[in-house]
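Working notes for the structure below.
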Amino acid sequence: MEKKDIGELRARVGCAAVLEHEGFAIDRKESTRRAVKFRRDDDIVIVIHDDRGWFDARSDAKGDVFALASYLHTIGFAEALAVVGDLVAFQPTAPTWEKPLRQTQPIASVAERWNHRKRPWRVSATWSYLRQNRALPWQVISAATEADVLREGPFGSMWAKHVNEAGAVIGWEERGPAWRGFSTGGAKALFRFGMNEARRICVTEAAIDALSLAVIEQIRPDTLYVSTGGGWSPLTAKALETLASGEGARLVAATDNNVQGEVFADRLRQMADRAGCDFSRMRPEAEDWNEELKQRRETGELPHTRSAHQG
């Protein structure tokens with residue numbers, strides 16, 4: 001993960017989200033705006049710097065949100081990145097002194113916001129972004145649009161739909177020339193592109209990478225290309241477990257060629273072992289599949305991939 005991506009993740013996930021997710025609760029009587037005390041049994045952690053810093057009241061431990069995840073789980077930085085990434089869509093409870101902003105109109109639901117947006121079209125800003133910035137061919141953009149998994153986001157960005165097991169939209173990945181994020185109030189599960197009945201499941205970390213791999217493989221008819229959106233929520237795990245448990249399923253860890261990609265790949269390997277399905281690890285030669293696709297466009301050749309298979 002690049003330094004700018006780590007910084008963006010740090011900005012999107014606060015210490016309160018990590019603590020509440022791990023069973024801590026705010027001690028409102030002993031908290032102030034500048035120092036919010038969290039308790040879990042005998043453990044006490046004070047959150048400071050507007051939710052960006054913390055310290056343990058009973059030790060010398062302190063730091064940022066990644067250090068907090070490492071401290072609570074006794075894990076390294078790479079694993080902490082994955083833990084924090086899973087909490088992008090998690091909304092911690094606001095302290096009582098934080099009054100909600102006065103609303104002038106009701107907040108639209110996730111489905112309403114999605115349906116309000118247009119699908120990309122040939123001369124739209126999103127279409128141009130996908131073609132020019134992301135090197136996706138028009139055929140794949142058109143196929144994804146017809147499958148109703150893409151929407152026009154603000155300022156030429158792309159929204160890529162995440163659905164639950166019933167196929168209903170519950171959130172979306174947001175990617176654009178100057179922005180990367182996830183829908184406010186939405187939930188991560190899986191972005192899906194391809195045949196839902198397919199038994200070969202290629203798991204990537206971003207919808208852009210799922211579409212890029214589909215291009216490289218010329219949209220294999222036996223494959224469902226999915227994205228976790230860079231996280232690993234309970235809904236994501238459940239959806240992947242359902243896919244892995246299908247008859248004849250084959251799980252392909254097509255995650256990034258970096259430390260975080262290996263962390264996710266190992267989770268998928270363990271999931272495949274539990275489900276008793278075939279597993280393979282497929283890495284891009286570049287850091288991710290979209291970078292590899294761009295290299296392919298520059299050279300005019302289909303880039304090679306390295307695969308490692310496990311029964």
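Position 1 is the first residue of the sequence, and the numbers go up from there. Since the model is a prediction, treat every value here as computed from it, not as a measurement.
A salt bridge links Glu262 and Arg281; the closest N-O separation between the charged side-chain nitrogens and carboxylate oxygens is under 4.0 Å. Salt bridge status for Asp56 with Lys62: absent, with no side-chain N to carboxylate O gap under 4.0 Å. Asp222 and Arg220 are joined by a salt bridge, as a carboxylate oxygen and a charged side-chain nitrogen come within less than 4.0 angstrom of each other. Between Glu217 and Arg200 a salt bridge is recorded (basic side-chain N to carboxylate O distance below 4.0 Å). Between Asp42 and Arg39, none of the side-chain N atoms (NZ, or NE/NH1/NH2) sits under 4.0 Å from a carboxylate O, so this pair counts as no salt bridge. Between Glu291 and Lys294 there is a salt bridge, with a side-chain nitrogen of the basic residue lying less than 4.0 Å from a carboxylate oxygen of the acidic one. Under a 4.0 Å N-O distance rule, the pair Lys37/Glu30 qualifies as a salt bridge. The pair Asp64-Arg52 fails the salt-bridge criterion, with no side-chain N (NZ, NE, NH1 or NH2) lying under 4.0 Å from an Asp/Glu carboxylate O.
In summary, the aromatic rings of Trp54 and Phe38 are positioned with their centroids too far apart to meet the 6.0 Å limit.
Closest approach of Gly23 and Arg40 over heavy atoms only: O-CG, 3.7 Å. Minimum interatomic distance between Leu235 and Ala189 (heavy atoms only, all atoms of both residues): CB-CB, 4.1 Å. What you find for Ala78 and Val259 is that their closest heavy atoms are CB-CG1, 3.0 Å. Summarising the geometry of Gly156 relative to Ala125, their closest heavy-atom pair is CA-CB, 3.6 Å, with the distance given to 0.1 Å. Between His49 and Gly53, the closest heavy-atom pair is CB-N, 4.0 Å. Closest non-hydrogen pair, Ala244 versus Ala249, comes out as O-CB, 3.5 Å.
Contact of the Leu150 side chain with the Trp159 side chain is not registered, since no non-hydrogen atoms from C-beta on lie closer than 4.5 Å. Under the 4.5 Å side-chain criterion, counting only non-hydrogen atoms from C-beta, Val203 is not in contact with Val252. Proximity of Leu240 to Leu268: side-chain heavy atoms (C-beta onward) are separated by under 4.5 Å at one or more points. No side-chain heavy atom of Cys202 sits less than 4.5 Å from a side-chain heavy atom of Val226. Taking 4.5 Å as the limit, every side-chain heavy atom of Lys118 sits out of range of all side-chain heavy atoms of Arg151. For the pair Glu241 and Met271, the minimum side-chain heavy-atom distance is below 4.5 Å. Using a 4.5 Å heavy-atom cutoff, the side chains of Leu19 and Glu22 are not in contact. You'll find the side chain of Glu112 stays beyond 4.5 Å of the side chain of Val169, heavy atoms only.
Heavy atoms from other residues, nucleotides or ligands lying under 6.0 Å from CZ of Phe77 number more than 12.
To the nearest 0.5 Å, the span separating CD1 on Ile208 from CG on Leu213 amounts to 13.0 Å. The distance from the CD1 atom of Ile141 to the CH2 atom of Trp121 is 13.5 Å, given to the nearest 0.5 Å. Here the CG-CG distance, from Asp278 to Leu251, works out to 10.0 Å after rounding to the nearest 0.5 Å. Rounding to the nearest 0.5 Å places CZ of Phe55 at 11.5 Å from SG of Cys15. Rounded to the nearest 0.5 angstrom, Tyr225 OH and Thr204 OG1 are separated by 11.0 Å. To the nearest 0.5 Å, atom CZ of residue Arg175 and atom CG of residue Asn133 are 14.0 Å apart.
Thr236 and Ser233 form a side-chain donor-acceptor contact under 3.5 Å, judged by distance and modelled atom types alone. If you check the side chains of Ser212 and Asn290, you find a donor sitting under 3.5 Å from an acceptor. Using a 3.5 Å distance cut-off with no hydrogens or angles, the side chains of Glu174 and Ser157 do not pair a donor with an acceptor. Judged purely by distance below 3.5 Å, without hydrogens or angles, the side chains of Glu287 and Asn257 never pair a donor atom with an acceptor atom. Counting only N and O atoms by type, the side chains of Tyr129 and Arg134 include a donor and acceptor under 3.5 Å apart. A side-chain donor from one of Ser227 and Glu173 sits under 3.5 Å from a side-chain acceptor of the other. Under 3.5 Å, the side chains of Gln260 and Glu205 contain a donor-acceptor pair of N or O atoms.
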* Which is it for Leu211 and Trp289 under the side-chain contact (heavy atoms from CB on, under 4.5 Å) test, yes or no, and what are the steps along the way? -> CA-CA 9 Å; Leu211 295 174; Trp289 292 108; over 6 Å; no
* Output, in order, the C-alpha distance, side-chain angles, deciding distance and verdict of side-chain contact (heavy atoms from CB on, under 4.5 Å) for Ile170 and Val163. => CA-CA 5 Å; Ile170 58 174; Val163 298; 5.8 Å; no
* Evaluate side-chain contact (heavy atoms from CB on, under 4.5 Å) for Trp232 paired with Val83, printing each intermediate quantity in order. => CA-CA 8 Å; Trp232 192 274; Val83 170; over 6 Å; no
* To do: Determine, step by step, whether Arg297 and Val215 satisfy the side-chain contact (heavy atoms from CB on, under 4.5 Å) criterion, reporting the C-alpha distance in whole Å, the side-chain angles of both residues, the deciding distance to 0.1 Å, and the verdict.
  => CA-CA 11 Å; Arg297 292 302 182 204; Val215 173; 3.7 Å; yes
* To do: Test salt bridge (Lys or Arg N to Asp or Glu O under 4.0 Å) on Arg267 and Asp273 and set out the steps.
  => CA-CA 10 Å; Arg267 290 183 181 180; Asp273 287 343; over 6 Å; no
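The hydrophobic cluster containing Leu224 also contains Phe279, counting ILVMFWY residues as joined when their side-chain heavy atoms lie under 4.5 angstrom apart, directly or transitively. Residues Val263 and Met282 are members of separate hydrophobic clusters, defined by side-chain heavy-atom contacts under 4.5 angstrom among Ile, Leu, Val, Met, Phe, Trp and Tyr. Side-chain heavy atoms closer than 4.5 Å link hydrophobic residues (I, L, V, M, F, W, Y) into clusters, and following such links, even through other members, never connects Leu81 to Ile75. Hydrophobic clustering of Ile, Leu, Val, Met, Phe, Trp and Tyr side chains at less than 4.5 Å, counting indirect connections, unites Met158 with Trp127. Using a 4.5 Å cut-off between side-chain heavy atoms of Ile, Leu, Val, Met, Phe, Trp and Tyr, with links allowed through other members, Ile26 and Leu87 fall into the same hydrophobic cluster.
At least one donor-acceptor pair closer than 3.5 Å links the side chain of Ser128 to the backbone N or O of Ser124. Thr255 places a side-chain N or O within 3.5 Å of a backbone atom of Gly261 that can act as its donor or acceptor partner. In terms of modelled atom types and a separation under 3.5 Å, the side chain of Glu292 and the main chain of Glu285 share a donor-acceptor contact. Asn164 places a side-chain N or O within 3.5 Å of a backbone atom of Ala166 that can act as its donor or acceptor partner.
A side-chain contact (heavy atoms from CB on, under 4.5 Å) with Phe24 is found for one member of Val18, Val47, Asp41, Asp43 and no other, namely Asp43.
Remark: Lys188 is positioned above the aromatic ring of Phe182, its terminal NZ or CZ atom under 6.0 angstrom from the ring centre and at most 45 degrees off the axis.
The aromatic rings of Trp172 and Trp114 lie tilted to each other, with the angle between the two planes from 30° to 60°.
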